[in-house]
Participant: 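Just passing along the structure, written as structure tokens.
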Amino acid sequence: MPPAVRVRFAPSPTGLLHVGGGRTALFNWLLAHGQARRAGSDGAFILRIEDTDRARLVEGAEQGILDVLAWFGLTWDEGPDVGGPHAPYRQSERTALYREAAERLLASGDAYRCFCSPERLQAVREAQVARKEAPGYDRHCRGIERDASFARAQAGDPYVIRFAMPREGETVVHDALRGEIVYQNANLEDLVLLKTDGFPTYHLANVVDDHDMAVSHILRGEEWIPTAPLHLRLYAAFGWEAPSLAHLPLILAPGGGKLSKRHGSTSMEEFRAQGYLPEALMNYLALLGWSLDGETEIFSKADLLEKFTLERVSPSPATFDYAKLRWFNAHYINHIVALDDLVGRVAPFLADAGLVDRAAVADPSHPDRARARPAVALLKDRMETLAEAPDLLAPFLRDALESYDPALLVPKKGSSAETLAALEAVARMLPEVDLDDEAATEARFRALADELGLKAGTLFMPIRVAVTGRTQSPGLFETMRVVGAARCTRRLDAAIEALRALVPAPA
RNA sequence: GCCCCCAUAGUCUAGCGGCCCAGGACGUCACCCUUUCAAGGUGAAGAUCGCGGGUUCGAAUCCCGCUGGGGGUACCA
């Protein structure tokens with residue numbers, strides 16, 4: 001059997017999960033559960049929480065990330081909630097490991113204590129910038145004798161542990177998507193491994209953990225490329241084999257630069273709240289950087305597991321296109337998700353708006369589901385997000401119509417008196433009509449239009465407005481069928497009454 | 001400033017030396033369908049393949065330079 005492919009997604013619990021992070025998680029998952037398993041090797045997707053920055057930690061963020069990843073449709077084999085052979089999966093619970101690793105490097109001479117204060121560091125940087133030099137640590141403490149260093153530490157001098165980067169030679173990063181990237185060691189920094197508070201930096205923690213957890217492939221964002229050589233040097237210093245690396249292209253904002261609030265939603269949680277379907281979001285995100293053949297656009301989760309290969313991921317950054325995401329979402333709502341399923345997905349939004357009973361959200365057999373179903377069937381083709389459902393469905397699910405301007409009842413080329421007469425005729429005819437028979441209803445109404453000397457559309461529009469309160473709706477006869485005879489009658493009567501007030505009194 | 005990455009229509013992309021005076025999708029526009037709005041169908045416009053040099057019989061495809069965009073430059077990840 002080919003060697004196991006073990007990948008990890010390692011979010012920082014500092015807030016909501018960015019869509020870029022969501023895509024990174026997706027590609028990792030697709031590599032392990034898709035490509036690797038297809039090739040007959042074990043593929044494991046590991047979730048690891050990188051909570052070593054105590055200052056930026058946000059309470060509840062970790063759970064939020066787990067929740068949204070599950071909603072997204074990913075499953076992980078090891079993680080903080082499910083455990084696994086390399087537990088714990090939360091870095092704040094693994095600090096002894098990092099301390100130990102740092103001490104090892106200290107002993108071997110690959111690392112040293114740095115007693116410089118943040119103030120001195122800042123001053124050094126400022127002076128360098130003023131002299132137009134590259135800012136960076138000046139290795140001030142690198143020369144301190146081992147005994148002296150130890151003594152100061154014993155005396156309680158606060159310090160960090162820094163990596164003693166080789167001063168000469170070069171480090172070659174093999175990026176699976178870009179080939180070789182060569183760095184001169186001379187301009188790599190002596191990065192901090194262990195902070196004053198005893199927590200590791202990302203650099204130390206990720207190397208120690210990836211090795212400890214037997215991670216075979218690292219798929220992460222492009223913003224990590226510059227630190228890759230540093231990490232490689234760390235693996236070398238420990239005497240460990242480094243995982244293979246691939247840096248995923250950045251997701252850019254429409255105007256260029258980072259995707260931020262200014263452009264719209266940026267987090268997975270927001271897209272969820274706005275009524276995007278996880279499968280639509282997954283489909284869209286998968287295509288942001290990956291393509292099968294340039295032709296196929298629609299991919300289910302199963303399709304992606306079957307088709308995804310890392311080799312077909314592009315190295316060039318992609319702009320996030322909200323309009324295209326909307327198109328995917330609308331497409332899934334209208335053409336892919338089965339009706340009963342869709343009714344269930346729309347239910348929470350309807351419940352929030354008070355259009356269905358809260359109990360209908362969890363209970364597929366709740367009568368409100370059946371009540372909403374025909375309306376959803378009628379409106380789904382104009383629903384781009386689930387959040388639009390309440391507004392679209394309100395005329396069908398509420399008893400009374402929201403108030404509307406009676407002037408809307410009068411067609412552009414008609415008069416209020418003429419419209420009033422037409423609606424009165426419709427109201428008289430209604431009791432004899434079987435709304436469930438759309439074809440028959442249509443035939444009778446068309447005949448009525450003839451009798452009245454009106455064009456069909458000129459008769460239908462006032463009825464539409466009377467029945468829905470709007471000038472836009474699905475086909476009139478399916479609309480009336482779903483609204484039902486009782487409400488149609490009431491709404492028609494209300495419209496007639498409103499219209500009477502508009503008709504000029506006879507002179 | 002220094003280091004690094006990227007470069008096909010407004011956007012996502014196909015293309016990995018001849019099948020390409022460049023294919024698909026979103027968006028845009030037009031028409032069809034039609035009782036309105038959508039959805040759907042058909043079609044159109046839109047790319048000197050960022051620019052300039054090479055290599056080659058032949059380059060969007062390979063090489064170099066430039067330009068542009070982006071990332072990094074923290075005791076953040």
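Order of the sequence lines sets the chain letters (A, B, ...), proteins ahead of strands, with each chain counted from 1. Just so it is clear, the structure is predicted and the values come from calculations on it, not from any experiment. Heavy-atom basis, side chains included; hydrogens, waters and symmetry copies ignored.
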Participant: Heavy atoms under 4.0 Å, any strand shown: does His247(A) hit a base, just sugar-phosphate, or nothing?
Facilitator: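 His247(A): no heavy atom of the nucleic acid under 4.0 Å.
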
Participant: Touch check for Gly257(A), heavy atoms < 4.0 angstrom, all strands: base, sugar-phosphate only, or nothing?
Facilitator: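 The residue Gly257(A) makes sugar-phosphate contact but no base contact.
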
Participant: Report the base-pairing partner of A45(B) (Watson-Crick or G-U wobble, both distances below 3.5 angstrom), or none.
Facilitator: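 A45(B) is unpaired by these criteria.
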
Participant: OP1, OP2 of A14(B) versus side-chain N and O of Ser291(A): anything below 4.0 Å?
Facilitator: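 Looking at the OP1 and OP2 atoms of A14(B), one of them is under 4.0 Å from a side-chain N or O of Ser291(A).
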
Participant: Measuring only the P atom in each nucleotide, how far is U48(B) from C12(B)? A whole number of Å is fine.
Facilitator: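 Each nucleotide's P atom is 16 Å from the other's.
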
Participant: Taking the P atom of each, how far is U55(B) from C63(B), in whole Å?
Facilitator: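 Their P atoms lie roughly 15 Å apart.
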
Participant: Give the rounded distance in Å between these two atoms: CZ of Arg470(A) and C1' of U36(B).
Facilitator: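 Result: 13 Å.
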
Participant: Taking any strand in view, what nucleotide pairs with C26(B) in a Watson-Crick or G-U wobble way, both distances under 3.5 Å?
Facilitator: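 Looking at the geometry, C26(B) pairs with G10(B).
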
Participant: Quick one: look up who G52(B) pairs with, Watson-Crick or G-U, both distances under 3.5 Å, and put none if it's unpaired.
Facilitator: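 Check on G52(B): paired to C64(B), both distances under 3.5 Å.
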
Participant: Find which nucleotide of RNA chain B each of Gly255(A) and Trp327(A) is nearest to by heavy atoms, and output the residue with the more 5' nucleotide.
Facilitator: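 Result: Trp327(A).
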
Participant: Any side-chain heavy atom of Tyr332(A) sitting closer than 4.5 Å to one from Leu281(A)?
Facilitator: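 No, their side chains stay 4.5 Å or more apart.
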
Participant: Which of these, Asp51(A), Leu66(A), Ile49(A), sits in a side-chain contact (heavy atoms from CB on, under 4.5 Å) with Pro11(A)?
Facilitator: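 Single pass found, and it is Ile49(A).
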
Participant: Expressed as a whole number of Å, how far does the C1' atom of G24(B) sit from that of C3(B)?
Facilitator: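 So the two C1' atoms sit 38 Å from each other.
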
Participant: Whole-Å distance between G71(B) P and Leu259(A) CG?
Facilitator: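 From Leu259(A) CG to G71(B) P: 12 Å.
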
Participant: Nearest whole angstrom, please: distance from the P of C26(B) to the OH of Tyr332(A).
Facilitator: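 Distance check: Tyr332(A) OH to C26(B) P gives 14 Å.
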
Participant: So, do Asp434(A) and Thr441(A) sit near enough that their side-chain heavy atoms are less than 4.5 Å apart?
Facilitator: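 A side-chain contact is absent here, since even the closest heavy-atom pair is not under 4.5 Å.
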
Participant: Using the C1' atom in both, what is the distance from G15(B) to U73(B), to the nearest Å?
Facilitator: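 The same atom, C1', in both gives a distance of 36 Å.
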
Participant: Please list every donor-acceptor pair under 3.5 Å in which a side-chain atom of residues 453-465 of chain A meets a protein atom from a residue at least two apart or in another chain.
Facilitator:
{"unit_1": "Arg464(A)", "atom_1": "NE", "unit_2": "Ser473(A)", "atom_2": "OG", "d": "2.9"}

Participant: Please list each protein N or O that sits under 3.5 Å from an N or O in nucleotides 75-77 of chain B, with the distance.
Facilitator:
{"unit_1": "C75(B)", "atom_1": "O2", "unit_2": "Thr196(A)", "atom_2": "N", "d": "2.8"}
{"unit_1": "C75(B)", "atom_1": "O2", "unit_2": "Thr196(A)", "atom_2": "OG1", "d": "2.7"}
{"unit_1": "C75(B)", "atom_1": "N3", "unit_2": "Thr196(A)", "atom_2": "OG1", "d": "2.4"}
{"unit_1": "C75(B)", "atom_1": "N4", "unit_2": "Cys116(A)", "atom_2": "O", "d": "3.2"}
{"unit_1": "C76(B)", "atom_1": "OP2", "unit_2": "Lys195(A)", "atom_2": "NZ", "d": "3.0"}
{"unit_1": "C76(B)", "atom_1": "O2'", "unit_2": "Asp53(A)", "atom_2": "OD2", "d": "2.4"}
{"unit_1": "C76(B)", "atom_1": "O2'", "unit_2": "Arg56(A)", "atom_2": "NE", "d": "3.3"}
{"unit_1": "C76(B)", "atom_1": "O2'", "unit_2": "Arg56(A)", "atom_2": "NH2", "d": "3.1"}
{"unit_1": "C76(B)", "atom_1": "O2", "unit_2": "Arg56(A)", "atom_2": "NH2", "d": "3.3"}
{"unit_1": "A77(B)", "atom_1": "OP1", "unit_2": "Thr52(A)", "atom_2": "OG1", "d": "2.9"}
{"unit_1": "A77(B)", "atom_1": "OP1", "unit_2": "Lys195(A)", "atom_2": "NZ", "d": "2.8"}
{"unit_1": "A77(B)", "atom_1": "OP2", "unit_2": "Tyr202(A)", "atom_2": "N", "d": "3.2"}
{"unit_1": "A77(B)", "atom_1": "O3'", "unit_2": "Glu50(A)", "atom_2": "OE1", "d": "3.2"}

Participant: Provide, to the nearest angstrom, the distance between the CG atom belonging to Asp175(A) and the C1' atom belonging to G71(B).
Facilitator: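 Spelled out: CG on Asp175(A) to C1' on G71(B) is 13 Å.
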
Participant: With rounding to the closest Å, how many angstrom separate the P atoms on G23(B) and G46(B)?
Facilitator: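 Roughly 12 Å separates the two P atoms.
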
Participant: Ignoring hydrogens and geometry beyond distance, is a side-chain donor-acceptor pair present between Glu50(A) and Asn206(A) at under 3.5 Å?
Facilitator: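 No.
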
Participant: Take atom C1' in C51(B) and the same atom in U13(B), then report the distance between them in whole Å.
Facilitator: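 To the nearest whole Å, 23 Å.
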
Participant: Does NZ or CZ of Arg152(A) fall inside the cone over Tyr159(A)'s six-membered ring, less than 6.0 Å from its centre and within 45° of the axis?
Facilitator: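 The answer is no; the distance or angle limit is not met.
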
Participant: How long is the line joining CE of Met461(A) and P of U35(B), in whole Å?
Facilitator: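 Result: 12 Å.
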
Participant: Between the side chains of Lys307(A) and Asp293(A), is the shortest nitrogen-to-carboxylate-oxygen separation below 4.0 Å, so that they form an ion pair?
Facilitator: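 Looking at Lys307(A) together with Asp293(A), the answer is no, because their closest N to O distance does not fall below 4.0 Å.
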
Participant: Across the strands shown, which category fits Leu250(A) at heavy-atom distances under 4.0 angstrom: base, sugar-phosphate, nothing?
Facilitator: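 Sugar-phosphate contact only - Leu250(A) comes under 4.0 Å of backbone atoms but never of a base.
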
Participant: Taking only the C1' atom of each, what is the distance from C75(B) to G71(B) in whole angstrom?
Facilitator: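 Going atom to atom, C1' in each nucleotide, I get 22 Å.
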
Participant: Take atom CD1 of Ile333(A) and atom P of A39(B), then tell me their distance rounded to the nearest Å.
Facilitator: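 Distance, rounded to whole Å: 13 Å.
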
Participant: Please produce a list of atom pairs where a protein N or O lies less than 3.5 Å from an N or O of nucleotides 1-12 of chain B.
Facilitator:
{"unit_1": "C4(B)", "atom_1": "O2'", "unit_2": "Tyr183(A)", "atom_2": "OH", "d": "3.4"}
{"unit_1": "C5(B)", "atom_1": "O2'", "unit_2": "Arg178(A)", "atom_2": "NH1", "d": "2.8"}
{"unit_1": "C5(B)", "atom_1": "O2'", "unit_2": "Glu222(A)", "atom_2": "OE2", "d": "3.4"}
{"unit_1": "U11(B)", "atom_1": "O3'", "unit_2": "Thr319(A)", "atom_2": "OG1", "d": "3.4"}
{"unit_1": "C12(B)", "atom_1": "OP1", "unit_2": "Thr319(A)", "atom_2": "N", "d": "2.9"}
{"unit_1": "C12(B)", "atom_1": "OP1", "unit_2": "Thr319(A)", "atom_2": "OG1", "d": "3.1"}
{"unit_1": "C12(B)", "atom_1": "O2'", "unit_2": "Leu287(A)", "atom_2": "O", "d": "3.0"}
{"unit_1": "C12(B)", "atom_1": "O2", "unit_2": "Lys324(A)", "atom_2": "NZ", "d": "3.4"}

Participant: With a non-hydrogen cut-off below 4.0 angstrom, is Lys258(A) in contact with a base, only sugar-phosphate, or nothing?
Facilitator: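 Sugar-phosphate: the residue Lys258(A), judged by heavy atoms under 4.0 Å, touches backbone atoms but no base.
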
Participant: Report yes if the distance between the aromatic ring centroids of Phe308(A) and Phe27(A) is under 6.0 Å, otherwise no.
Facilitator: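 Phe308(A) vs Phe27(A): aromatic centres under 6.0 Å.
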
Participant: Start with the C-alpha distance between Tyr98(A) and His203(A), add both sets of side-chain angles, then the distance that settles ring-ring contact (aromatic ring centres under 6.0 Å, His included), and finish with yes or no.
Facilitator: CA-CA 11 Å; Tyr98(A) 313 125; His203(A) 311 294; over 10 Å; no

Participant: For the NE2 atom of His217(A) and the CG atom of Leu310(A), what is their distance to the nearest 0.5 Å?
Facilitator: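 So the gap between those two atoms works out to 8.5 Å.
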
Participant: Under 4.0 Å between any heavy atoms, over every strand shown, what does Ala323(A) touch: base, sugar-phosphate, or nothing? Just pick one.
Facilitator: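 Sugar-phosphate: the residue Ala323(A), judged by heavy atoms under 4.0 Å, touches backbone atoms but no base.
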
Participant: Are Arg326(A) and Tyr276(A) side-chain neighbours, meaning at least one heavy-atom pair lies under 4.5 Å?
Facilitator: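 Yes; the side chains approach each other to less than 4.5 Å.
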
Participant: May I ask you to evaluate whether Arg446(A) reaches the phosphate of U35(B), defined as a side-chain N or O under 4.0 Å from OP1 or OP2?
Facilitator: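 Answer is yes, contact under 4.0 Å.
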
Participant: State the pairing partner of G1(B); accept Watson-Crick or G-U wobble contacts with both distances under 3.5 Å, and report none otherwise.
Facilitator: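 Pairing partner, where one exists within any strand: U73(B).
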
Participant: Provide, to the nearest angstrom, the distance between the CG atom belonging to Leu292(A) and the C1' atom belonging to G23(B).
Facilitator: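 In whole Å, G23(B) C1' and Leu292(A) CG are 15 Å from each other.
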
Participant: Give me the distance, rounded to whole Å, that separates U8(B) from C4(B) when you measure between the C1' atoms they each carry.
Facilitator: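 Going atom to atom, C1' in each nucleotide, I get 24 Å.
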
Participant: Using a heavy-atom cut-off of under 4.0 Å over every strand shown, decide if Arg312(A) touches base, sugar-phosphate, or nothing.
Facilitator: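 If one applies the 4.0 Å heavy-atom cut-off, Arg312(A) turns out to touch the sugar-phosphate alone, with no base involved.
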
Participant: Roughly how many Å is it from NE2 in His331(A) to P in G27(B), rounded to a whole number?
Facilitator: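 In whole Å, G27(B) P and His331(A) NE2 are 12 Å from each other.
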
Participant: Checking the side chain of Lys301(A) only, and the main-chain atoms of Met282(A) only, is there a donor and an acceptor separated by less than 3.5 Å?
Facilitator: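 Here the side-chain-to-backbone pair does not exist.
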
